[in-house]
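Counting from 1, the numbers follow the sequence of the chain as shown. Since we're looking at a predicted model, the values are computed, not measured.
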Amino acid sequence: MSGAGEGEAVDISTVDNYQGLQIAPNPDGTITRLAKLPESPPTSDPKLSTPVLSKDIPINESKNTWVRIYLPRHALDHSSSSKLPLVVFYHGGGFILCSAASTIFHDYCVSFATDVPVIIASVEYRLAPEYRLPAAYEDATEALHWIKTTPDDWLRDHADLSNTFLMGISAGGNIAYHAALHADVDRLHPLKIHGLILQQPFFSGTQRSGSELRLANNPKFPLSWSDLMWDLSLPIGASRDHEYCNPTVGDGCKKLDRMAVGWRVLVTGWDGDPLIDRQIEVAKMLEENGVDVVCHFAEGGYHGVDIMEASKAKALFVVVKNFIFCQSAS
């Protein structure tokens, strides 16, 4: 695969790209997901020795959306009047792959809930291209309204809904961003969003960034895979300068007022990720619009490294813990 020049289109239709993502296109516009990604069941029995309990609860059965809740065991073992912050988590997968049950994200949430510690509500949203954007955004915001009204005892008794953060990895970071923009926050009470945690968020555009050019042939996440994911996820006929993909163009900046009033946003990235310049660009746009932004861009990683390498995840959890509890104390 050759590198892409500035503004040059990358061929996303080749068999190699579909094979690389382990998907096959179907005539009706859907895809067949060829790889069965490992999944993990929830562990809700308090008699088991796991440090974090988990359980699945339906949100909207007609859409097959649900949430997996993670509860650190110590929240049950110790009677305390203080509740834990709530993190609403959106998994990655380029909008087209993976699940809240995927082992890679399940294990990540278990470690995250243990180390920080927080209660996590990991949302199962509909995937593209069967359900193109904004379907995932709609599911993300519906989950917030479900959380505020659910009688679930774990959330009711142990989660501080007034101290909620939206978080996502890659495409999940994009979903967290757009869920925050589109949620009717005045109708979410007692759930109150205090901030966003955008972990290597998935953004792009038609004009190639410096890191996209430099890392077009990156073996972990080549640019052609990114382009194919966007082609399968955006509304039919939309370019990568649609606001879902590129929030720095069009009317995207006009919706940032709510973030500038009391929210903080953590944006993380790695120098080996083709998306890093986009992430820096979005962070700068937020700052220029009055949002309190905390950036954590590091060297020696690649796209998805935080969920692939435990040492990188541990280091990130320290950053996230400081962000959440600094925010909670402010």
Rounded to the nearest 0.5 Å, what separation is found between the CH2 atom of Trp66 and the OG atom of Ser99?
4.0 Å
With distance as the sole test, does Thr150 use its side chain to make a donor-acceptor pair with the main-chain N or O of Ile147 at under 3.5 Å?
no
If hydrophobic clusters are built by linking Ile, Leu, Val, Met, Phe, Trp and Tyr wherever their side-chain heavy atoms come under 4.5 Å apart, do Tyr125 and Ile57 end up in the same one?
yes
To the nearest 0.5 Å, what is the distance between CD on Gln200 and CG on Asp306?
5.0 Å
Spell out, as yes or no, whether a donor-acceptor pair under 3.5 Å connects the side chain of Lys220 to the backbone of Val305.
no
Tell me which one of Val110, Ile119, Thr114 satisfies side-chain contact (heavy atoms from CB on, under 4.5 Å) with Pro72.
Ile119
Test of ring centre spacing under 6.0 Å for Phe95 and Tyr90
no
Are Ser224 and Asn17 linked by a side-chain donor-acceptor pair shorter than 3.5 Å?
yes
Can you hop from Leu76 to Leu86 via hydrophobic side chains spaced under 4.5 Å?
yes
What pairs meet the ring-ring contact (aromatic ring centres under 6.0 Å, His included) rule with one or both residues in residues 130-152, with sequence neighbours excluded?
Tyr137-His178, Tyr137-Tyr244
Determine, for Lys83 against Asp160, whether the closest basic-nitrogen to carboxylate-oxygen distance falls under 4.0 angstrom.
no
Ion pair Asp271/Arg214, N-O distance below 4.0 Å:
no
Is there a path of hydrophobic side-chain contacts, each under 4.5 Å between heavy atoms of I, L, V, M, F, W or Y residues, that connects Trp225 with Leu37?
no
Between the side chain of Ser209 and the main-chain N/O of Glu212, is any donor-acceptor distance below 3.5 Å?
yes
Asp241 and Ser239: side-chain donor and acceptor closer than 3.5 Å?
no
Applying salt bridge (charged side-chain N to carboxylate O under 4.0 Å, His left out), which residue pairs with at least one partner in residues 100-111 are found, sequence neighbours left out?
none
Can Asp56 and Arg68 be counted as an ion pair, charged N to O under 4.0 angstrom?
yes
Between the CG atom in Asp139 and the CZ atom in Arg126, the distance rounded to the nearest 0.5 Å is 4.0 Å
Are any side-chain N or O atoms of Glu124 and backbone N or O atoms of Ala100, one a donor and one an acceptor, separated by less than 3.5 Å?
yes
Asn26 side chain to Thr32 side chain, donor-acceptor N/O pair below 3.5 angstrom:
yes
Looking at Glu130 and Ile31, would you say the former's side chain and the latter's main chain have a donor-acceptor pair under 3.5 Å?
yes
Do Phe112 and Phe89 have their ring centres less than 6.0 Å from each other?
no
CD1 on Ile120 to NE2 on His106, rounded to 0.5 Å:
10.5 Å
Can you tell me if His194 uses its side chain to pair, donor with acceptor, with the backbone of Ser162 under 3.5 Å?
yes
Would the number of heavy atoms belonging to other residues, nucleotides or ligands and lying under 6.0 Å from NZ of Lys192 be above 12?
no
Thinking salt bridges, do Lys321 and Asp115 make one under a 4.0 Å N-O criterion?
no
Do the charged groups of Glu287 and Lys284 touch, with an N to O distance under 4.0 Å?
no
Interatomic distance, CD1@Ile324 vs CZ@Arg264, rounded to 0.5 Å, equals 10.5 Å
Mark yes or no for whether Asn217, through its side chain, and Pro222, through its backbone, hold a donor-acceptor pair below 3.5 Å.
no
Taking the side chain as C-beta and beyond, is there a heavy-atom pair between Val118 and Val320 under 4.5 Å?
no
When hydrophobic residues are tied together by side-chain contacts of less than 4.5 Å, even through go-betweens, does Val185 share a cluster with Leu191?
yes
For the backbone of Asn246 and the side chain of Arg240, can you confirm whether one donor and one acceptor N or O come within less than 3.5 Å of each other?
no
Arg156 side chain to Pro151 backbone, donor-acceptor under 3.5 Å
yes
What about Leu34 and Met229, same hydrophobic cluster or not, with Ile/Leu/Val/Met/Phe/Trp/Tyr joined at side-chain heavy-atom distances under 4.5 Å?
no
Where at least one partner belongs to residues 42-51, residue pairs that pass side chain to side chain donor-acceptor pair (under 3.5 Å), sequence neighbours excluded:
none
Main chain of Phe221, side chain of Asn218: is a donor-acceptor contact present, judged purely on distance under 3.5 Å?
yes
